[in-house]
Each structure stands twice: as structure tokens, then as C-alpha cells.
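Throughout, protein chains are lettered first and strands after them, A, B, ... in sequence-line order, and every chain is numbered starting at 1.
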Amino acid sequence: MDSSKSSDTSSKINELARRRGFFWQSYEIYGGVGGFVTYGPLGTRLKLNIEAKIRDIFIKKLGIFEIESSVISPGQVFEASGHVNHFKEFMVKCSNCGKGFRVDQIINEKLGISLLEIEKMDFAEIKKVFRKNIFDCPECNNALKEPTQFLTMFKTTIGPYSKAIGYGRPEAAQSIFVEFNRLYKMAREKLPFGVIQIGHALRNEISPRQGLIRLREFTIADLEFFFNPEEANCNFIDEVESEVLPILLAVNRKKGIEEISNFTVREALEKKIVCSEWQIFFMVMAMKLLLEIGIPIKNQRFIEKLPWEKAHYATQCFDQEVYVDRWGWIEVSGHAYRTDYDLRCHMDASGADFRIFKEFEKPVEEVNYLLKPKMSLIGPKFKEKAEEIIADLSIVPVKEVLESFEEKGYYFVKGKKITKNQVEITQRKKIIKGKRFIPHVVEPSFGCDRLFYVALEYALKSKKNRTVLSFPRNIAPIQLGIFPLVNKDGLNDKAKTLSTFLRSEGFLVEFDDAGSIGRRYARADEAGIPLCITVDYVTMDNDTVTIRDRDLWKQVRVSINDLSKLLVDYFKEKIEFEDFGDFIESK
RNA sequence: GCGGUCGUCGUCUAGUUGGUUUAGGACACAAGCCUUCCAAGCUUGCGAUCCCGGGUUCAAAUCCCGGCGACCGCACCA
């Protein structure tokens, strides 16, 4: 990568973003704080439009539910989910050179304890290890200091009681799991179903960098899709089976190979590259989402996570990555197979029952045997030992006792012989109508700020020394620019009337009469406005206007009467600019 | 958190061996003129406690110390 060129692109985006109001660092008047951004008027619209795409794909087309819950949650939620244990770093610093190291790596290197074992240690145990052993700094061989830990969740207290610990959620997923029972009812107690939440999440990153790429407060879109692991087929799989996914396999990554392999959905499933049909289906949806916000497929890839890279809850995990000029491949979404991990955690911790009852096609008959000791015989015979014997009898499988009786006529418990007549064994038939299980979950999770950034980067074009933001038309923050050709002879008023009309028709319109017409087109290009409508002298004669395309810089002339319908179709992508009519010859 | 580079109008920047600097320009923005389709021109205007705090000095945007922030590299990124 050419570093001088790449730093140009990102600075260009940052500069443009600040100047035109896409985004900037928050709290600038107080010096700014890393990891927080403010989206300006254009940026907010763009971000909403991208989020609308997510809603369009997942909510409208697939019928996924959307919920909105709180950012702060009580401590139990993230204790149960495992985040309190996993969402932190143990660090140790050298007393001499000041360099910091990961505690697990030091212990692993010097003592040979496996990383998995170290993972299980808590902070007290780690401190103990460091007190027992003297570790030298790998860099300068001086002694290392006491280890420290850093929790990357924001911690607070809820209300005035310091014991009521709360955490800012580092992901929106948990608030879906926590509400599972209600949501399942709303899904009419049927699997599969999915729930999405688009909202803010907080991670107290050690050092946020890279602008929008790593924030401390960001927008996440977590989709939790629940299904029966024994009926794991995706009913949309036929529609996508020939779609091709570019995947960087873990086996290749281990060998240091960066080669992307292309698999059709069918192949990937057959070769067990992706284990879950639903997971790969969502990966295809993610690929389409990125295409729709303007990222060509050649700049997208899915990367299979290596075992030690995976989140604590995931069995199989792919990251969707997009190539950006400055930082290379960056993650924009994660696709994790979370199994029943989360629901199980919350069940264990809260006592709620998240199991689902599944009726068998045919009820199954189960025969149970019940053993009842005859106390009138056992009591007098074993005296003080009797109690112990009975306790043991209640534990052993009744079937084992029964078999022993049939074979030998007696059964040994605690070295004592129990005869057939000392107990009463009854048979009990039970009809089982179904079974209970915990649903499995696949999760696509999008970083909306990163989607925003890549959309902006891929929209950024340069034409004749001008900056043009070529957003796909339906994520553009402003849809139409309306200008009078000149500010006299009533053209201005006519253009204003037209703006009012088109606004009332539901379009997002910017009216601009400042400077020359060329300057207005240039300003509109920089804001990514797809179409500009100009009122000129011909308009005054016959009520037609020119429409100019942002990317082609060509114009067509259409009647004001037809305008609204044409524009509706255009923004619904039913027609293209070329369908508006013949291009006007440039003078 | 470590190392390197850096911080001047909205944006990009000149000035930074201390001294006529009331910190200059360009672009952008606003008002007006002009303008019959791609950042034309003219006039006027708005706009910077030179990142913050402290120190050295007769004098600091400029030198020194501390802090904050940005970028790059290292580490981290569940």
C-alpha cells in the first residue's frame, strides 16, 4: 500500500466531513475526546439511510423483529453473559523500560502454562503467580511490575447505591437474549425467528484511533436469529445457493496465505466451510447490503476467525471485511454461531426457563420403574444401617435392581443383601409428548459507523478537480438540488415554488441560489446530491425543467407535471436517469 | 500505555534561528453587482484568546516544562 496516497484519502474524507458536516470529533471546544464523534446534518442523514437499508433487508424482507432497549444494564446481565470475565485485559509493565506486555503471554512463555489455562485464572490468581515468580522484562531483562487489569466495559452505579453496579452495554445482543421469553411469544411461539437491535454500544477502548473505525461509543446492529439446532435448515437457502462468497480460510491464514477462495453457498455448505445454513444466508445478505451501499464485491471478503481470535461465545466466526485505502482490510460485520451459549448463561444465572417445548410427531411411551422399600421388613432386619441402605437404594437405577433380582434373586447395597420381598417395584408408564431444548443462535452484527465510513470512502470520487460523492441514490443524504439558472426575471420564485412542491411530495430538497449555476452544481456534487433540477427561461415558457445527473454531468429536460412520478420511480430504482429522456446537447 | 511526527480563521496554510504581526494569504461562507447550465469576475463583509496551563525574557505563535488532542509505528481490538 502506498502510504502517502492512503493518508491522503483519509485526510480528504476527514477534511470534507468536517467542512460539509458529515462528522467530526466531539467536544472540540474542550479539546476533544478520543473515541467520540458527532454526526452533522449530512452525516446523520447518511447514517440513517444506511440503517434504513439494514432495516429494509432484514426487517421488511425477512420479517425480523426490531426492538430498542436501554444502554445501561444491571451488572448481572454482563456477569452472566461472560463479558465481565472476558472483556478485560491483564497488563504488566516493566519497571525499567516501561514497556507493557500481556500477562498471559508472559506466564505462557516463562512457565509453560497453556493460554487456555491462563484464560481461566482470575485477577487474584494472576497476582499470586506474579508474587511467586520473578519475571524479567523480555525487552531489557529488568523486573516487571505488579500486573494491572483494565475492564473495557464502562462501569457505573445505578441510582444512589454504590452496590448497584451497572454496565454500558458493549453489544446490543444481550438485551435481546434477556427478553427472549416475551419475544418468543410475539413470534407466536414458533422457531425460527430473529430480532434485531440497532443502537449505541459502549466500549472503553484503551486507545481509540482511526476516526470512525474504532469508537468508544458507536452504533451497532445486532441481529440474533433463533432456531432449532435439529431443524437448522434455512428456508431461503435455495434462493442464494449459487451466490459466490469470497472467503479467506482459517487453514490458509495459519499458513500465512492471504489468498481469497471463492465458494458458492452450496459449495461452502457441502465442504463444511460454513456449518450453518442460516449463518451463510446472513453472510450473503451482508454482502448484498455492502453492494447496495456502494462497495464492489472485489473489495469485500469474509475472513474465518482463528480459534484464539474468536469471541468467548462463538464456535464459528467470520468477519466481513472491506478494503479501505488507509488501513487495508477492516471489519464491518461479524457473523458468529453463538450456539445456545447466551440463553444458557442467562438461564443459569437468572433461573428463567428459556427452553422451548417441541411436540413429537408421535408421542413416545416411556416405562419407568418405581422402587419402594418395605420398611416393616428392612427396618427390623438392618436396624441402624437401614437409613443408609434406603438412601443408597433411592440412588441406584431401578432397572439394575430389577435385573439383579431376576438373575440372582437379590441385590447388594453397601455389602448387604436385599431380597426381592423386601422392596416393592411398580411399573409406571409415561407418555412423552415432546421435548425441551434451548434454541441456537446465529448472529450477524454490523458496525454502523464503519458502514458509514466505507460508504463515504467508496463514494468519494474526483472529477475535473472537483470532489464528487457518488453515493448510491437511495443513501444520499439529500435527494434533490433545486436552482434558478439566474436570480432574476422571476426564475428564483419559480424555483422556490418548485422546491416547496417537491418537498410536499416527500423529497429531501436543497434550494440554492447563491453564486453561479456551476458553483451550485459543484456544491451539490460535494454533498452527493444525485439529481439537480434547474429552472431556466424555457421553464417560464412551457413548464419544463432540466435535470442534471451528478455522475454523468448530463442533462435531460422534463415537464414539471411528470417530475414527481419520474423521481419517485428513480429513487425506487425502477428507472434510470437515461429513462428520463434524451440528453440535452451541451452548448 | 510506549516511541516518532504534529497542533495558526470554517478548510488548507505563511510566519516558528524570539522583536513594526493591529498574525498574512488562498479557498469557503454572507451581502450586493454581474451571470441564459458546470467552483468566471468585481465590491464589501464575517471570521484565529496562534490547542490548554505554567515558566524563561524587556519582549513568546516562535524557546523550555507539563497537560490535552491528532496522525504513524508497537501493543490492544473479546
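Applying the 5.5 angstrom centroid cut-off and the 30 degree plane-angle cut-off, the aromatic ring of A/Tyr537 is stacked upon the base of B/U36.
Regarding contacts with the backbone of B/A70, a side-chain N or O of A/Gln25 is found under 4.0 angstrom from either OP1 or OP2.
Rounded to an integer number of Å, the gap from A/Asp525 CG to B/C37 C1' is 13 Å.
Listed nucleotides: B/A39, B/U35, B/U11. Nearest to the side chain of A/Glu15: B/U11.
Between the C1' atoms of B/G45 and B/U49, the separation comes to 22 Å (whole Å). For the C1' atom pair drawn from B/G54 and B/G73, the interatomic distance equals 31 Å after rounding to whole Å. Comparing the P positions of B/U62 and B/C52 gives a spacing of 10 Å, expressed to the nearest Å.
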If you restrict it to nitrogen or oxygen atoms, what contacts under 3.5 Å exist between nucleotides 25-31 of chain B and the protein, and what is each distance?
{"from": "B/A28", "atom 1": "OP1", "to": "A/Arg519", "atom 2": "NH1", "distance (Å)": "3.3"}
{"from": "B/C29", "atom 1": "OP1", "to": "A/Arg523", "atom 2": "NH1", "distance (Å)": "2.3"}
{"from": "B/C29", "atom 1": "OP2", "to": "A/Arg519", "atom 2": "NH1", "distance (Å)": "3.4"}

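Every side chain to side chain contact (heavy atoms under 4.5 Å, CB included) that A/Ser175 has, sequence neighbours left out, goes to A/Ser69, A/Arg169, A/Gln197.
Within the 4.5 Å cutoff, side-chain heavy atoms of A/Ile560 are placed close to those of A/Lys494.
Within residues 442-452 of chain A, no residue places a heavy atom under 4.0 Å from RNA chain B.
Here the two rings, on A/His335 and A/Phe302, have centers that are under 6.0 Å apart.
Each of A/Arg216 and A/Gln555 was matched to the nucleotide of RNA chain B holding its nearest heavy atom; the match closer to the 5' end belongs to A/Gln555.
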